[in-house]
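Notes for the one structure printed next.
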2 protein chains.
Amino acid sequence: MVDPLDPTPLYVQVADAVAARIKAGELKPGQPIPSEKTLQQDYGVARGTVRQAVAVLRDRGLVITVPQRGTFVKPA
Amino acid sequence: MVDPLDPTPLYVQVADAVAARIKAGELKPGQPIPSEKTLQQDYGVARGTVRQAVAVLRDRGLVITVPQRGTFVKPA
DNA sequence: GCGGATTTGTACGTATGTATG
DNA sequence: GCATACATACGTACAAATCCG
């Protein structure tokens, strides 16, 4: 999934990986993406890195974060 | 400048403080704003907090950051 | 051209607060 | 009450590019 040797920043790699899962339909509109803790474990990165990745996805308009609820795939 | 007891997040308080200095003409278009290290010292907050504050200013379109150069007040 | 200082970028870790389930 | 989940804030370390003497 993520490659520490790839010069691409880890948080971008994680963002791309999650974006791919959305595009593939594994994560559907309206559904929550895995929590920060789960993403940490899935990709083996620190929480701060996960948060940066999610921020990228928000910037791209792919997801919406609802405080204390979770982060959801944005409906088309 | 910043008030730890104010429920407003510190990074927003710092962003507002810098925005005020821009608006007041203390920091002029094309000029660099103080470095992250300087802002840390000026406001007594951690670097991460400063970086979040600068990110807010970028989102507001007030400044532009050039890697390894600095962050500059955006020309009108 | 060289080397150190500066400045931003990335990454990790930890603690606490607040709201939700 | 407890577990979950995001928000804020602190700290550290190293990398990369730039600037300046």
Side-chain angles (χ1 to χ4, degrees), chain A residues 1-19 21-22 27-75, chain B residues 1-19 21-22 27-75:
Chain A
M1 286 303 195
V2 295
D3 177 8
L5 301 181
D6 189 326
T8 303
L10 281 179
Y11 74 92
V12 174
Q13 290 187 47
V14 172
D16 288 343
V18 174
R21 290 166 72 176
I22 293 173
L27 302 171
K28 302 188 193 324
Q31 287 187 341
I33 68 172
S35 73
E36 293 179 353
K37 177 178 286 188
T38 302
L39 290 175
Q40 279 181 63
Q41 297 164 344
D42 283 0
Y43 297 106
V45 297
R47 189 185 169 200
T49 304
V50 169
R51 286 180 63 76
Q52 279 184 280
V54 173
V56 168
L57 295 175
R58 275 198 298 274
D59 282 351
R60 294 185 188 170
L62 288 177
V63 302
I64 299 178
T65 297
V66 182
Q68 279 71 53
R69 292 294 305 280
T71 297
F72 302 85
V73 179
K74 203 169 183 179
Chain B
M1 287 299 197
V2 296
D3 176 7
L5 300 182
D6 188 325
T8 303
L10 281 179
Y11 73 91
V12 174
Q13 291 186 46
V14 173
D16 288 343
V18 175
R21 290 166 70 178
I22 292 173
L27 302 171
K28 302 190 193 324
Q31 287 188 340
I33 68 172
S35 73
E36 294 178 353
K37 176 178 285 188
T38 303
L39 290 176
Q40 279 182 62
Q41 296 164 345
D42 283 359
Y43 297 107
V45 297
R47 190 189 169 197
T49 305
V50 169
R51 287 182 62 76
Q52 277 187 280
V54 174
V56 167
L57 296 175
R58 276 198 299 272
D59 282 351
R60 294 185 188 170
L62 288 176
V63 301
I64 298 179
T65 296
V66 182
Q68 280 71 56
R69 294 290 306 280
T71 297
F72 302 83
V73 179
K74 205 168 182 178

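None of the values given here were measured: they were computed from a predicted structure.
Looking at the side chain of B/Val45, the nearest of the listed nucleotides D/dC10, C/dT8, C/dA15 is D/dC10. Relative to the side chain of B/Gln68, the nucleotides D/dA16, D/dA7, C/dC12 differ in distance, and D/dA16 lies closest. The side chain of B/Thr49 has D/dC10 as its nearest neighbour among C/dC12, D/dC10, C/dG9. Nearest nucleotide to the side chain of B/Pro9, out of D/dA9, C/dT8, C/dC12: D/dA9. For B/Ser35, taking side-chain heavy atoms from C-beta onward, the closest of the listed nucleotides D/dA7, C/dC12, C/dT8 is C/dT8. The side chain of B/Ala46 has D/dG11 as its nearest neighbour among D/dG11, C/dA11, D/dA9.
For the pair A/Gln40 CD and D/dC6 P, the interatomic distance rounds to 10 Å; values are reported in whole Å. Here the C1' atom of nucleotide C/dT10 and the OH atom of A/Tyr43 are 19 Å apart, to the nearest Å. With rounding to whole Å, A/Glu36 atom CD is found 15 Å from C/dG13 atom P. Following rounding to the nearest Å, A/Leu10 (CG) and D/dC14 (C1') show an atom-to-atom distance of 14 Å. One interatomic measurement links the two molecules: CD of B/Gln41 to C1' of C/dT6, which rounds to 13 Å at whole-angstrom precision. Rounded to a whole Å, the NZ atom of B/Lys37 is 12 Å from the C1' atom of C/dT8. In this structure, the CD1 atom of A/Ile64 is 13 Å from the P atom of D/dA7, given to the nearest Å. Taking atom CZ of B/Arg58 as the reference point, atom C1' of C/dG9 lies 10 Å away to the nearest angstrom.
Taking 4.0 angstrom as the limit, B/Tyr11 places none of its side-chain polar atoms (N or O) nearer than this to OP1 or OP2 of D/dA9. For A/Arg51 and D/dA7, the shortest distance from a side-chain N or O to OP1 or OP2 is below 4.0 Å. Look at A/Arg69 and you won't find any side-chain N or O under 4.0 angstrom from OP1 or OP2 of D/dC6.
Nucleic acid contact for A/Gly70: sugar-phosphate only, since backbone atoms but no base atoms lie under 4.0 Å from a heavy atom of the residue.
Side chain A/Arg47 to base D/dA5: no donor-acceptor pair is found below 3.5 Å.
For the pair A/Gln52 and A/Val56, the minimum side-chain heavy-atom distance is 4.5 Å or more.
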Side chain to side chain contact (heavy atoms under 4.5 Å, CB included) between A/Ile22 and A/Val63, worked out: CA-CA 10 Å; A/Ile22 293 173; A/Val63 302; 3.9 Å; yes
Could you give me the CA-CA distance, side-chain angles and deciding distance for A/Tyr43 and A/Leu10, then say whether side chain to side chain contact (heavy atoms under 4.5 Å, CB included) is met? CA-CA 9 Å; A/Tyr43 297 106; A/Leu10 281 179; over 6 Å; no
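Screening B/Thr49, B/Thr71, B/Val50 against B/Glu36 for a side chain to side chain contact (heavy atoms under 4.5 Å, CB included) leaves a single residue, B/Val50.
Taking CG of A/Asp16 as the start and CG of A/Leu57 as the end, the distance is 8.5 Å to the nearest 0.5 Å.
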